[in-house]
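Since the structure comes first, as structure tokens, the remarks are kept for the end.
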Amino acid sequence: MAKKYRTIFIGTPEFAIPSLRALIADSDFEIIAAITQPDKKAGRKRILTPPPVKVEAEKNNIPVFQPEKIFLFLEEIKKMDPDVIVVAAYAQIVPKDMLEIPKHGCINVHGSLLPKYRGASCIQASILNGDKETGITIMKMDAGLDTGPIIHKESIEIEEHDTAGSLYGKLSKLGGKIIAPAIEGYIEGGIVPEPQDDSQSSYAPILKKDQGRIDWEKDAGYLEKFVRAMHPWPGAWTKTRSENKLLKITRVGHKILNINEHTVGQLFARNNGLAVQCGKGALEIKKMQIEGRNEMETDKFLIGHRDYVGILLK
RNA sequence: CGCGGGGUAGAGCAGUUGGCAGCUCGCCAGGCCCAUAACCUGGAGGCCGCCGGUUCAAAUCCGGCCCCCGCAA
């Protein structure tokens with residue numbers, strides 16, 4: 001019972017793990033190598049940390065390669081003679097020349113319903129835009145960025161309390177569920193990848209730290225989505241005007257308060273906790289984290305920080 | 001050796017010229033009130049992160065260690 005497909009898995013973070021596991025568990029796939037980003041210094045002690053895909057691959061005795069630049073690694077890939085390459089959240093641009101190497105091409109697991117939200121921040125974008133659903137797209141890669149023809153799509157509901165973090169988990173699991181059947185359906189089941197409708201496409205560029213900063217002039221409805229979209233990274237953050245302390249807003253009430261009597265960016269007491277005035281409407285803050293402290297619920301926070309009522313954020 | 005904040009009652013925080021360990025919330029008991037999450041009275045609850053040092057005396061000063069967090073990546 002020989003495995004059918006010599007497969008190279010390319011990916012880096014936690015998101016890719018369910019897909020990797022699914023392929024390892026599927027007897028049709030022989031994972032001949034895992035390619036991932038080099039170890040990076042991470043955490044407070046700046047400890048060299050291997051990416052999750054490396055850890056998982058080594059656990060399964062799969063050879064791991066961590067080229068600094070994958071476009072300088074194509075010869076080695078060619079020598080491995082893969083039948084198919086699966087890419088999931090690799091965090092490097094895959095060069096066009098690589099697409100031709102495997103017999104059955106390169107297959108990508110993407111965290112949105114393409115052609116919507118091509119790009120790295122697809123999950124955040126779906127929340128920020130207030131979508132009711134999102135999903136996973138399995139596609140055949142082509143030269144563009146997330147522009148390849150679609151093999152299979154599966155959607156899930158975005159719930160009102162979903163954050164980028166919670167969706168990330170759900171979508172990564174969903175990817176693991178559908179990746180193997182999708183590839184098999186493509187290679188031997190006669191699925192013909194369907195070109196994307198470029199007129200419906202949108203682009204969700206990679207987020208930078210600064211983009212988590214809250215603009216209190218925006219209306220409360222937008223900021224409610226913003227907080228969920230930025231959680232847990234880069235986090236929706238702001239600063240106190242007086243002490244210039246970093247304040248992360250980690251959870252806000254889903255209901256928009258029809259209150260406009262305070263200065264924009266001002267904290268005020270509400271239901272034993274705190275709320276903040278936005279450009280239009282106000283938001284109840286459920287949880288937040290001040291620099292140097294643990295995240296806490298605002299009613300608890302207030303017990304030791306009465307003086308925060310009325311202060312301004314910027 | 002990357003930079004910085006922090007660990008004190010169940011929770012959130014004050015408290016360093018060393019001198020009886022405090023506040024707010026919660027909890028328990030009682031009271032007030034038509035009633036209450038409001039108000040009043042009383043009460044329980046602490047090895048002040050751990051180890052050692054200095055001192056008549058350490059939450060506080062000195063040395064070492066553990067843990068949490070922000071920046072940075």
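Below, chain A is the first sequence line, B the second, and so on; all start at residue 1.
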Using 30° and 60° as the class limits, which term best fits the ring planes of A:F73 and A:F65: parallel, tilted or perpendicular? tilted

Interatomic distance at C1', B:rA9 relative to B:rG43, whole Å: 14 Å

Are more than 12 heavy atoms, taken from residues, nucleotides or ligands other than A:L72, located less than 6.0 Å from that residue's CG atom? yes

Which nucleotide sits closest to the side chain of A:E291: B:rG70, B:rC25, B:rG6? B:rG70

Are there more than 12 heavy atoms of other residues, nucleotides or ligands under 6.0 Å from atom CG of A:L48? yes

Report the distance from atom NZ of A:K41 to atom C1' of B:rC71, rounded to the nearest whole Å. 17 Å

Just compare B:rG6, B:rA11, B:rC68 and give me whichever is closest to any side-chain atom of A:N294. B:rC68

A:D210 CG - B:rC71 C1' separation (whole Å): 13 Å

Rounded to whole Å, please give me the gap between CZ in A:F301 and P in B:rC23. 22 Å

How far, in whole Å, is B:rU60 from B:rG49 if one measures between their C1' atoms? 16 Å

Just wondering, more than 12 heavy atoms not from A:K40 lying within 6.0 Å of its NZ? no

Work out how far the P atom of B:rG70 is from that of B:rG64, and round it to whole angstrom. 26 Å

Whole-Å distance separating the NZ atom of A:K287 from the P atom of B:rC69: 14 Å

Is it true that, when you exclude A:E194 itself, more than 12 heavy atoms of the residues, nucleotides or ligands shown sit nearer than 6.0 Å to its CD? no

What residues 304-314 of chain A contributes to the RNA chain B interface at heavy-atom separation below 4.0 Å is A:G304, A:H305, A:R306

Counting only heavy atoms not in A:K153, do more than 12 fall under 6.0 Å of its NZ? yes

Any strand counts, and the cut-off is 3.5 Å on both contacts for Watson-Crick or G-U wobble. Which nucleotide pairs with B:rG42? B:rC28

What does B:rA37 pair with, Watson-Crick or G-U, if both distances are under 3.5 Å? none

What is the distance, rounded to the nearest whole Å, between atom NZ of A:K45 and atom P of B:rA73? 18 Å

When both hydrogen-bonding distances must be under 3.5 Å and the geometry is Watson-Crick or G-U wobble, what is B:rC71 paired with, if anything? B:rG2

Nearest heavy atoms of A:Y117 and A:S112, plus distance in Å: O-OG, 3.2 Å

Rounded C1' spacing from B:rC48 to B:rC67 in Å: 16 Å

Separation between the P atoms of B:rG46 and B:rA21, rounded to whole Å: 14 Å

Rounded to whole Å, how long is the line connecting atom CD of A:E297 with atom P of B:rC25? 18 Å

Determine whether A:V64 and A:F9 fall in the same hydrophobic cluster, where Ile, Leu, Val, Met, Phe, Trp and Tyr are linked whenever their side-chain heavy atoms lie under 4.5 Å apart. no

Same-atom distance (C1') from B:rC3 to B:rG63, integer angstrom: 23 Å

What is the distance, to the nearest angstrom, from the CD atom on A:Q37 to the P atom on B:rA73? 16 Å

Euclidean distance for P, B:rA57 against B:rG12 (whole angstrom): 34 Å

Counting only heavy atoms not in A:N272 (residues, nucleotides, ligands), do more than 12 fall under 6.0 Å from its CG? no

Watson-Crick or G-U counterpart of B:rC61, or none if no pair lies under 3.5 Å: B:rG53

Hey, can you pull the residues of residues 228-253 of chain A with a non-hydrogen atom under 4.0 angstrom from RNA chain B? A:L246, A:K248

Would you indicate which nucleotide in B:rC25, B:rG6, B:rA72 comes nearest to any side-chain atom of A:R293? B:rG6

Taking the nucleotide of RNA chain B with the nearest heavy atom to each, does A:R46 or A:I303 sit closer to the 5' end? A:R46

Charged N-O contact under 4.0 Å between A:E56 and A:K59: yes

Given the P atoms of B:rC56 and B:rG10, what is the spacing between them in whole Å? 34 Å

Categorize A:K40 for me: base, sugar-phosphate, or nothing, with a 4.0 angstrom heavy-atom threshold over every strand shown. nothing

Between A:Q289 and A:K209, name the one whose nearest nucleotide on RNA chain B is closer to the 5' end. A:Q289

Quick check, are the ring centers of A:F15 and A:Y168 under 6.0 angstrom apart? yes

Whole angstrom is fine here: how far is it from CE in A:M296 over to C1' in B:rG5? 13 Å

Under-3.5 Å donor-acceptor pair between A:R44 side chain and B:rG70 base: yes

